[in-house]
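Report on the structure given below.
The basis for the numbers below is simple: all heavy atoms, side chains too, and nothing from hydrogens, waters or symmetry mates.
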Amino acid sequence: MQGHPLHLHNRSQIEKRIASQEARKLKAREEKHHTIWFGLGMFGLIGWSVTIPAVAGALLGMWIDSRWPSRYSWSLMLLIGGIALGCANAWKWIHKEGNVDR
């Protein structure tokens, strides 16, 4: 009769790693680092994570529109794309910093 492919030695290492990860998560949840300064810093981080891609998209779109005029506004399309990218980035940061499990 053959044993499980995961030997006892490997299982012990995996259990230790899982236990240390769980201990780190519990310690992080117990720490009270969510002060007003943390909130303001997060607000600024989220704002810049949306602003930078939006402005970059608008500037790139304006450059494209000035070089190759067309019926469609690249400025508007890339602005909206930058805002969407920035919002996705902000969503990622909120979930990472808010300890939201998904």
- request: Could you name each residue pair satisfying side-chain hydrogen bond (donor to acceptor under 3.5 Å, both in side chains) that touches residues 47-64, not counting sequence neighbours?
  value: none
query: Excluding sequence neighbours, so at least two apart, what forms side chain to side chain donor-acceptor pair (under 3.5 Å) with N89?
result: none
query: Other than M62, what residues sit in its cluster of Ile, Leu, Val, Met, Phe, Trp and Tyr side chains whose heavy atoms are under 4.5 Å apart, directly or through others?
result: V55, L59
query: Members other than L85 in its cluster, when Ile, Leu, Val, Met, Phe, Trp, Tyr link by side-chain heavy atoms under 4.5 Å?
result: none
- prompt: Restricting to pairs with a member in residues 65-76, which pass side-chain hydrogen bond (donor to acceptor under 3.5 Å, both in side chains), not counting sequence neighbours?
  reply: D65-S75
query: To which residues is L79 joined in a hydrophobic cluster, defined by side-chain heavy-atom contacts under 4.5 Å among Ile, Leu, Val, Met, Phe, Trp and Tyr, whether direct or through other members?
result: I83
